[in-house]
A.B. asks: 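Once you've had a glance at the structure underneath, I'll fire off some questions.
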Amino acid sequence: MERKISSKPVDVSRLSPMMRQYWKVKEQYLEQLLFFRLGDFYELFFDDALIASRELELTLTGKECGLDERAPMCGIPYHSCENYIARLVKKGYKVAICEQVEDPKLAKGLVKREVIRIVTPGTNFNPSALEEGKNNYIMCVVYMSNMLGISVSDITTGEYLVTEVRSARELFDEINKFSPSEIICNEAFMMSGISLDSIKDRLNITVSSLEPYYF
């Protein structure tokens, strides 16, 4: 589900230059919790900070950002981020890592920052976050008028399998067989009337859709 950057209205024109840079990046990654690199820390702001502070039991602070109120903020040391990312992903969240892509000492003005990595339940390849001896599958389901196309992959091993089925029951059989940690669907599937709620909760699967052009 797409989230808002801030639960309160924000006059972006009043934001400080650094926070405008953050806002511009965050607008492109609304579904993810944005880890924004500032020096030796990854910082989270606005609604992302509220979520991360709750889920990771971090102290919630605030940052002067040009508005009347300080922006909610929490942070983690960059050198220990993998543990925090793993905890968030295990809870079903997606994380975008926005890194400094130039030396701050050489930067003229704001340091350039770019998202260099997105971590989701099905694309997490951190060994310490995965269960040893168990595949971590990501599944893609494409709904068409008379069939369901299914593909599964474990990016840690390179295994990739494809099939097609004709009914919801066969789809559920495939999901139960592979127990994917994440399912990606086309929008047609989300409107097909096939509900994954029961199996999603039972197997702790993250489900999201992508726009038609991806398929």
Side-chain angles (χ1 to χ4, degrees), residues 1-130 136 138 155-156 158 182 206 208 210 214:
M1 179 181 292
E2 193 172 276
R3 288 188 291 268
K4 295 181 180 179
I5 299 176
S6 174
S7 54
K8 297 181 179 180
V10 172
D11 183 352
V12 179
S13 66
R14 293 181 58 193
L15 291 174
S16 64
M18 191 279 289
M19 290 306 294
R20 282 201 300 271
Q21 184 189 52
Y22 164 84
W23 195 273
K24 184 176 181 180
V25 175
K26 178 58 184 174
E27 284 183 317
Q28 302 174 59
Y29 297 93
L30 293 174
E31 291 187 358
Q32 293 82 19
L33 298 177
L34 182 63
F35 279 39
F36 193 75
R37 180 72 178 273
L38 290 176
D40 291 335
F41 287 81
Y42 287 115
E43 304 286 2
L44 297 96
F45 299 101
F46 297 105
D47 285 6
D48 282 3
L50 299 177
I51 294 170
S53 65
R54 180 185 71 239
E55 298 290 359
L56 299 175
E57 300 180 338
L58 300 173
T59 300
L60 184 67
T61 61
K63 182 176 180 61
E64 295 293 342
C65 61
L67 304 176
D68 295 335
E69 297 182 6
R70 290 155 61 90
M73 178 182 79
C74 66
I76 58 171
Y78 82 95
H79 55 77
S80 59
C81 70
E82 293 298 338
N83 175 55
Y84 292 100
I85 292 172
R87 288 168 61 187
L88 288 170
V89 169
K90 191 173 182 179
K91 293 174 180 284
Y93 292 100
K94 302 174 184 178
V95 176
I97 308 298
C98 184
E99 189 58 79
Q100 296 174 171
V101 293
E102 67 175 336
D103 188 336
K105 296 178 181 178
L106 303 177
K108 296 180 180 179
L110 285 175
V111 176
K112 292 180 181 178
R113 294 177 173 86
E114 296 177 0
V115 170
I116 61 167
R117 177 184 168 203
I118 296 177
V119 187
T120 69
T123 61
N124 190 3
F125 49 80
N126 178 12
S128 64
L130 301 176
N136 184 40
I138 183 171
I155 64 171
T156 63
E182 182 176 359
T206 297
S208 58
L210 293 176
Y214 281 101

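Computation of the quantities below employed the complete heavy-atom set of this structure, encompassing side-chain atoms and omitting hydrogens, waters and symmetry-equivalent molecules.
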A.B. asks: What closest approach, in Å, do T123 and I138 show between heavy atoms, and which atom pair accounts for it?
C.D. replies: CG2-CD1, 4.1 Å
A.B. asks: Could you verify whether a donor N or O on one side chain and an acceptor N or O on the other, from T206 and K94, lie under 3.5 Å apart?
C.D. replies: no
A.B. asks: Does the side chain of Y84 reach to within under 4.5 Å of the side chain of V95, using non-hydrogen atoms?
C.D. replies: no
A.B. asks: Measuring from atom CZ of F45 to atom CG of L34, what distance do you get when rounded to the nearest 0.5 angstrom?
C.D. replies: 9.0 Å
A.B. asks: For the side chain to side chain contact (heavy atoms under 4.5 Å, CB included) test, which of V115, V119, L88 pairs with F35?
C.D. replies: L88
A.B. asks: Let me have the donor-acceptor pairs involving side chains of residues 56-68, under 3.5 Å, with sequence neighbours excluded, atom names and distances please.
C.D. replies:
unit_1 : atom_1 : unit_2 : atom_2 : d
T61    : OG1    : M73    : O      : 3.1
D68    : OD1    : R14    : NH2    : 2.8

A.B. asks: By the salt bridge (Lys or Arg N to Asp or Glu O under 4.0 Å) test, which pairs, at least two apart or in different chains, include something from residues 42-55?
C.D. replies: K26-D48, E55-K91
A.B. asks: Find the distance between CD (E182) and CG (N136) and round it off to the nearest 0.5 Å.
C.D. replies: 9.0 Å
A.B. asks: So, does Q32 use its side chain to make a donor-acceptor pair with the main chain of A96 at under 3.5 Å?
C.D. replies: no
A.B. asks: Specify the closest pair of heavy atoms between W23 and S6, including all atoms of both residues, with the distance to one decimal.
C.D. replies: CH2-CB, 4.3 Å
A.B. asks: Using side-chain contact (heavy atoms from CB on, under 4.5 Å), reason through Q21 and F36 one step at a time and then give a plain yes or no.
C.D. replies: CA-CA 10 Å; Q21 184 189 52; F36 193 75; 3.6 Å; yes
A.B. asks: Looking at E102, I'd like to know if its CD atom is crowded, meaning that more than 12 non-hydrogen atoms belonging to other residues, nucleotides or ligands lie closer than 6.0 Å.
C.D. replies: yes
A.B. asks: Which pair of non-hydrogen atoms, one from F41 and one from G75, has the smallest distance, and what is that distance?
C.D. replies: CD2-C, 4.4 Å
A.B. asks: Check whether any side-chain heavy atom of L33 lies under 4.5 Å from a side-chain heavy atom of I51, and answer yes or no.
C.D. replies: yes
A.B. asks: Grab the two heavy atoms, one from C98 and one from Y42, that are nearest each other, plus how far apart they are.
C.D. replies: O-CE2, 4.1 Å
A.B. asks: What's the spacing between Y22 OH and L38 CG if we round to 0.5 Å?
C.D. replies: 10.5 Å
A.B. asks: Would you compute the distance between atom CD of E114 and atom CD of E99 and round it to the nearest 0.5 angstrom?
C.D. replies: 10.5 Å
A.B. asks: Given side chains that start at C-beta, do those of Y29 and I118 come closer than 4.5 Å, heavy atoms only?
C.D. replies: yes
A.B. asks: Check whether any side-chain N or O of R37 sits under 3.5 Å from a backbone N or O of R113 as a donor-acceptor pair, and report yes or no.
C.D. replies: no
A.B. asks: Would you mind telling me which of P72, S53, C74 makes a side chain to side chain contact (heavy atoms under 4.5 Å, CB included) with L44?
C.D. replies: C74
